[in-house]
J.: 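Dumping the structure here so I can ask a few things about it.
Here is how names work: the chains are called A, B, and so on, in the same order as the sequence lines, proteins then strands, and each is numbered from 1.
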Protein chains: 4
Amino acid sequence: MNGNRKIRVAVNGYGVIGKRVADAVARQDDMELAGVSDINADWRSRMVTQKGYRLFGAAKEQADLMREAGLDVSGTLEDLLAAADLVVDCTPKHVAAKNVEIYRQVGIKFIVQGGEKHTVTGHSFVAESSYVGALDRESTRVVSCNTTSIVRTLSALKNAGLLRRARGTLLRRATDPWESHLGGIMNTLVPEPEIPSHQGPDAKSVDPELDVVTMAVKVPETLAHLHYWAVQLTRPAEKEEVLEAFRSSSRIALIRMADGLTAINTVKELMADLGRPHDNLYEVALWSDMLKVEGDELFYGYMVDNQAIVIPETVDAIRALVGQIRDPNESIARTNAALGIGTIAKALGDQ
Amino acid sequence: MNGNRKIRVAVNGYGVIGKRVADAVARQDDMELAGVSDINADWRSRMVTQKGYRLFGAAKEQADLMREAGLDVSGTLEDLLAAADLVVDCTPKHVAAKNVEIYRQVGIKFIVQGGEKHTVTGHSFVAESSYVGALDRESTRVVSCNTTSIVRTLSALKNAGLLRRARGTLLRRATDPWESHLGGIMNTLVPEPEIPSHQGPDAKSVDPELDVVTMAVKVPETLAHLHYWAVQLTRPAEKEEVLEAFRSSSRIALIRMADGLTAINTVKELMADLGRPHDNLYEVALWSDMLKVEGDELFYGYMVDNQAIVIPETVDAIRALVGQIRDPNESIARTNAALGIGTIAKALGDQ
Amino acid sequence: MNGNRKIRVAVNGYGVIGKRVADAVARQDDMELAGVSDINADWRSRMVTQKGYRLFGAAKEQADLMREAGLDVSGTLEDLLAAADLVVDCTPKHVAAKNVEIYRQVGIKFIVQGGEKHTVTGHSFVAESSYVGALDRESTRVVSCNTTSIVRTLSALKNAGLLRRARGTLLRRATDPWESHLGGIMNTLVPEPEIPSHQGPDAKSVDPELDVVTMAVKVPETLAHLHYWAVQLTRPAEKEEVLEAFRSSSRIALIRMADGLTAINTVKELMADLGRPHDNLYEVALWSDMLKVEGDELFYGYMVDNQAIVIPETVDAIRALVGQIRDPNESIARTNAALGIGTIAKALGDQ
Amino acid sequence: MNGNRKIRVAVNGYGVIGKRVADAVARQDDMELAGVSDINADWRSRMVTQKGYRLFGAAKEQADLMREAGLDVSGTLEDLLAAADLVVDCTPKHVAAKNVEIYRQVGIKFIVQGGEKHTVTGHSFVAESSYVGALDRESTRVVSCNTTSIVRTLSALKNAGLLRRARGTLLRRATDPWESHLGGIMNTLVPEPEIPSHQGPDAKSVDPELDVVTMAVKVPETLAHLHYWAVQLTRPAEKEEVLEAFRSSSRIALIRMADGLTAINTVKELMADLGRPHDNLYEVALWSDMLKVEGDELFYGYMVDNQAIVIPETVDAIRALVGQIRDPNESIARTNAALGIGTIAKALGDQ
């Protein structure tokens with residue numbers, strides 16, 4: 001691949017993540033969206049062509065069904081892969097494992113999502129932590145929304161020399177808004193039966209040094225996850241030191257209860273007001289005035305938009321695999337600029 | 001006011017409606033947003049200046065509080081009114097009644113929302129029905145979201161000579177997403193104690209000839225209202241005649257269950273996919289394949305985005321009061337083009 | 001079967017309906033619960049023996065699993081049927097169709113629930129309308145919760161000579177409380193794609209003379225259904241005439257907004273306060289002060305507890321099939337007394 | 001007061017707590033319900049007389065309104081207090097502070113609820129921890145539902161010599177089912193702005209030795225609270241030791257995911273199946289198979305029925321103030337027997 005040519009990216013699967021990855025890729029000036037592959041022939045696939053993206057059927061059968069439904073189809077996944085340098089797999093959990101065989105056969109670089117196991121690619125990705133390790137690789141796995149937020153925040157504390165161990169309780173949104181008519185939970189809370197829940201160990205797939213245990217529970221809302229942490233610090237610290245550590249990550253946005261952002265719905269509205277597509281919150285939104293340090297203990301909570309947080313990571317992962325940009329910070333800065341990451345602090349004033 | 005000059009519009013109140021009116025006005029090429037007045041000094045008002053709009057405090061006290069909070073304030077409501085040709089009042093229900101005195105004193109044209117009584121202005125507005133009657137008036141009232149949808153749909157039937165009488169059941173969303181942490185209902189249904197509910201009679205404030213009775217109930221969701229209708233036609237009709245009547249309104253969008261748009265959350269996602277700000281559904285979204293004609297009876301259901309449906313009406317009402325554009329269809333077409341009304345049919349294919 | 005012996009009733013399926021039927025049968029002094037058959041070996045089946053009922057596995061496999069789980073099992077469904085005069089099938093929708101073959105082979109009378117088709121038994125049951133037609137039959141179908149409520153209320157109007165035609169909108173609870181962690185809908189409304197929805201035609205399986213059309217929509221709550229009706233009367237009437245018609249049914253309970261019963265959750269709390277098992281509302285709870293008559297049109301709304309409303313009907317259906325009690329009113333009165341039907345009016349004062 | 005006479009108990013306030021206290025008192029063979037005082041004249045107060053309890057108006061004005069509504073009123077609060085040995089104040093949060101002046105003036109012993117401050121009575125009550133300290137006192141405060149559960153569970157660990165420090169995340173139900181039409185939150189999560197939340201410090205009002213910090217968040221359901229804990233033990237321990245510690249409290253009920261009790265709604269259904277009034281869960285329901293010990297760290301979660309958990313405590317508090325029964329265990333055993341506490345373990349088999 002030539003250094004001056006744009007990276008041609010295929011997106012396989014046009015759901016919650018796939019549609020956002022496609023839009024994000026289309027916004028990068030060093031990338032070009034080769035097209036989108038999917039299996040549906042309903043309104044969702046109509047949006048692909050409506051947006052001006054090329055649409056492909058996962059196989060001939062799906063392509064035919066799409067054509068019958070009057071959609072403008074450019075071919076099959078095979079055709080799409082032939083026209084791309086890299087494919088981002090956004091198919092549902094565990095489906096990707098089978099697609100991987102196809103990608104390897106075709107010889108195309110690929111990215112899978114956090115629903116897959118670490119072993120599928122042998123590398124797990126969070127831009128600020130493991131970009132360099134992904135350089136020039138054939139593939140990587142962008143970890144799940146929850147794990148991404150854990151790695152971002154705990155790495156920030158670790159890098160400041162403050163992290164000893166972290167114990168978290170994760171409130172997980174029950175389903176996504178676009179499919180909340182198909183399933184979900186109603187007027188109840190559903191604990192994950194296993195402690196530790198999988199997110200803690202999964203963070204170690206990115207950074208094995210993290211001492212982290214998580215418990216998780218499904219809650220009856222569709223907007224975002226919410227994490228609460230009790231952290232044992234390496235030493236007594238001042239609150240300002242901790243905030244400074246979090247500020248070192250461009251993908252942690254400090255917000256304030258005192259600004260009226262007192263619940264997760266208000267933060268989503270803020271994203272809509274900022275004009276972000278799909279009201280995406282790419283950052284970890286962490287309440288700075290709720291955060292408390294007591295001696296060598298730290299307590300805080302933050303919000304994770306499970307639909308959006310992995311999008312900038314995926315864009316960076318594309319660059320890392322292709323390898324044109326070697327410096328994590330350069331990739332992160334380009335992604336941030338293209339997606340508007342950083343606008344929250346500006347909008348709210350200094351936090 | 002000179003015919004070549006843009007209409008300078010003030011927005012008083014920056015909530016669910018005010019923020020959308022401000023954005024919609026800013027998109028019209030014959031209008032200019034003079035500024036926004038509000039009483040809050042929190043994140044909501046920060047969005048005003050973040051968007052590049054001029055911010056005013058409702059009075060000196062609020063302006064001072066905003067300045068203390070670090071906001072860039074351009075003055076008070078009084079200053080704003082002096083710099084505008086017309087003010088759209090978007091303050092909470094019943095507050096406008098007091099503001100009206102100020103507007104009259106200052107001698108500025110004004111629009112109030114549907115929470116106010118018809119008598120406040122003596123004229124009630126839905127663009128397709130009562131634009132001409134509003135020409136050159138001092139003021140009008142854009143009717144409520146529910147009433148707007150009723151007038152749009154029943155007028156379409158009436159204009160086709162099909163409407164005898166309509167009986168509707170209205171499922172009302174309990175609160176809006178941005179303030180769903182402050183109140184709402186949980187795991188219950190709350191009937192409006194009065195039958196007929198006020199929406200039916202209110203439709204007659206726009207068109208006294210409509211024979212309409214409504215019953216209403218609050219339901220535990222935040223997305224949109226949903227209306228069900230049993231209509232007695234003037235004669236037996238074909239389904240296609242009815243659909244044709246509805247198609248005659250550019251602000252009724254026919255959608256199909258068969259396209260996968262099987263619930264109100266999917267329609268909101270469609271709006272997000274279309275890139276509309278705040279996922280606004282300006283149209284009445286009416287299911288064409290669910291609609292049923294049996295002899296001289298008609299049954300159908302549609303969705304009403306209570307946050308968005310009155311926005312195009314308000315834009316048209318501004319033009320009507322100012323009077324530069326005399327033809328309703330010309331104003332409607334300009335508003336539709338600026339807001340992207342009409343894109344649903346295009347996105348979904350012919351309905 | 002001897003006239004002096006108690007009717008031995010088997011209950012097949014111990015879910016939402018089965019558990020309530022078992023409790024209701026146990027309260028009748030002319031019946032005896034032969035036992036309960038189920039397929040689960042978890043806490044739900046533990047409740048069967050905890051209550052002192054005999055527990056049977058649907059087949060040997062299930063019985064063995066129950067025994068392994070430490071449950072006291074009395075045998076299989078085959079054994080249960082051998083010890084009973086009649087079986088009430090409370091298995092999930094459409095499963096009963098297969099069980100019916102077993103019941104016929106064994107030669108036991110049986111009752112199926114409203115999820116099954118009318119043709120499964122050739123008779124559909126609502127006590128006040130079709131008791132006599134069920135006398136001595138081999139089987140009947142107790143119609144669904146929605147249909148039961150429709151037949152009760154429209155029959156009351158019909159019997160008073162007031163009913164011409166009825167058009168209803170049905171808000172259906174999305175799932176039941178005990179399994180609301182397994183599925184449901186969240187923050188949305190899901191219209192039934194077909195108009196008329198099946199409930200209207202189903203009412204005609206009990207009384208073919210009813211002129212009724214229904215539209216239905218799933219709503220995000222778990223407590224109860226809520227029906228709204230616009231009825232064309234045979235003539236102009238007074239409100240009091242209509243209320244008197246509804247009062248003629250012992251299974252319609254008039255309630256008042258003015259008593260503070262302003263939403264369905266308050267009515268469920270009233271049932272809990274009355275000490276009813278599982279807060280059962282066996283009656284149609286119809287708001288008398290919300291009801292409106294305008295000329296020859298009638299508008300009203302009522303609440304249907306989908307878990308409880310068919311329970312008294314099922315008890316009456318048992319008596320009808322067995323045939324000892326020939327008079328519907330005698331059976332209804334016995335059932336009402338045993339279940340406490342009638343206590344609402346007493347608790348609230350005259351309605 | 002004579003040793004052989006039943007304790008005459010007045011209940012002031014007939015809401016969520018008051019109605020349950022009244023029923024619980026009526027079930028104790030050493031107590032007698034003198035009557036209930038309230039301010040409402042709607043269906044809620046009708047339930048008082050419906051249950052056969054004597055009803056009093058808070059003052060003459062309320063008594064008159066009740067009489068006008070057709071209720072059988074026995075007098076005012078003053079009359080009720082004159083006929084009682086002790087009053088349990090169940091009025092809304094912070095109202096009790098004013099009532100206390102009346103109680104002191106009249107010279108009657110009294111109990112306030114956890115919404116009041118510790119200083120109102122100078123003593124905070126959880127039966128297993130502070131019964132003896134309440135003996136013969138003029139008054140005590142039964143701590144809140146959350147605090148009660150914290151004291152029960154942490155005291156169990158402390159008594160077993162295992163507790164070093166506990167860090168908890170509390171998911172709080174947003175409102176109660178009977179008033180979920182009047183307020184609540186919808187499709188969001190609302191963090192308590194202060195860390196530590198008040199529940200941790202409040203536990204120290206009962207036992208100052210507890211090292212406990214809590215964070216809290218309001219969640220959109222009405223059934224129960226859910227607590228997650230990360231506990232530092234005094235030493236590495238076996239899981240069985242910890243379970244044994246919890247089993248030492250008769251008011252902690254161990255439940256199992258493996259029994260199908262996988263979410264809080266299933267536990268409430270279990271209470272309904274057990275025939276408990278209002279589906280009351282008086283115990284802390286703690287998942288034994290979810291609980292995890294890792295070295296010297298312990299992780300677990302449990303459910304708290306905020307409507308019911310303080311009821312047995314209140315009954316014991318009555319006995320402690322009166323002082324006839326000096327041994328906490330004797331009172332606890334009597335209360336448990338009268339309310340059916342202990343039936344969960346029996347119903348589910350050995351946990």
Side-chain angles (χ1 to χ4, degrees), chain C residues 14 16 19-20 23 40-51 69-71 175-182 184 186-188 220-223 255-280 307 343-344 346-350, chain D residues 14 16 19-20 23 40-51 69-71 175-182 184 186-188 220-223 255-280 307 343-344 346-350:
Chain C
Y14 196 71
V16 160
K19 71 168 77 169
R20 285 169 175 79
D23 287 350
N40 293 305
D42 63 10
W43 69 277
R44 293 169 293 179
S45 291
R46 284 182 194 280
M47 288 303 104
V48 176
T49 51
Q50 170 74 14
K51 291 209 163 203
L71 288 161
T175 191
D176 291 320
W178 81 323
E179 55 188 12
S180 68
H181 59 306
L182 298 177
M186 295 178 67
N187 203 37
T188 189
E221 49 87 17
T222 64
L223 296 185
I255 58 172
R256 279 187 300 239
M257 289 270 163
D259 281 322
L261 296 166
T262 56
I264 63 172
N265 60 309
T266 62
V267 180
K268 282 296 277 185
E269 181 83 7
L270 179 69
M271 295 306 106
D273 283 355
L274 287 175
R276 293 207 182 166
H278 287 99
D279 312 342
N280 287 329
Q307 301 190 121
T343 51
I344 296 176
K346 182 162 162 277
L348 296 177
D350 188 25
Chain D
Y14 196 70
V16 160
K19 71 167 78 168
R20 285 169 175 79
D23 288 350
N40 293 305
D42 64 10
W43 69 277
R44 292 168 293 179
S45 291
R46 283 182 195 280
M47 288 302 105
V48 176
T49 50
Q50 169 74 14
K51 291 210 163 202
L71 288 161
T175 190
D176 291 321
W178 81 321
E179 54 187 12
S180 68
H181 60 305
L182 298 178
M186 295 178 67
N187 202 38
T188 190
E221 48 87 19
T222 65
L223 297 186
I255 57 173
R256 279 188 299 239
M257 290 270 163
D259 280 322
L261 296 165
T262 57
I264 64 173
N265 60 310
T266 61
V267 179
K268 282 296 276 185
E269 181 83 8
L270 178 70
M271 295 306 105
D273 284 355
L274 288 175
R276 294 209 182 163
H278 287 99
D279 313 342
N280 287 329
Q307 302 189 122
T343 50
I344 295 177
K346 182 161 163 277
L348 295 177
D350 188 25

J.: Mind checking what makes salt bridge (Lys or Arg N to Asp or Glu O under 4.0 Å) contact with D:Asp279, not counting sequence neighbours?
T.: none

J.: So, for C:Ala347 and D:Gln50, which heavy atoms are closest and what is the spacing to 0.1 Å?
T.: CA-OE1, 3.4 Å

J.: In Å, rounded to the nearest 0.5 Å, how long is the span from CD1 of C:Ile344 to CH2 of D:Trp43?
T.: 11.5 Å

J.: Could you point out which residue of D:Asp259, D:Asp273, D:Leu270 forms a side-chain contact (heavy atoms from CB on, under 4.5 Å) with C:Arg46?
T.: D:Asp259

J.: Under 4.5 Å, counting heavy-atom pairs only, tell me which of C:Leu274, C:Thr343, C:Val267 racks up the most with chain D.
T.: C:Leu274

J.: Relative to chain C, which of D:Pro220, D:Gly275, D:Ser180 shows the most heavy atom pairs under 4.5 Å?
T.: D:Ser180

J.: How long is the span from the CG atom in D:Leu182 to the OG1 atom in C:Thr266, to the nearest 0.5 Å?
T.: 9.0 Å

J.: Given heavy-atom pairs under 4.5 angstrom as the criterion, report whether the side chain, backbone, both or neither of C:Lys268 touches chain D.
T.: neither

J.: Only counting residues at least two apart or in another chain, list the ones meeting side chain to side chain contact (heavy atoms under 4.5 Å, CB included) with C:Asn40.
T.: C:Asp38, C:Asp42, C:Arg44, C:Ser45

J.: Roughly how far, to the nearest 0.5 Å, is the NZ atom of C:Lys19 from the CD atom of D:Glu269?
T.: 3.5 Å

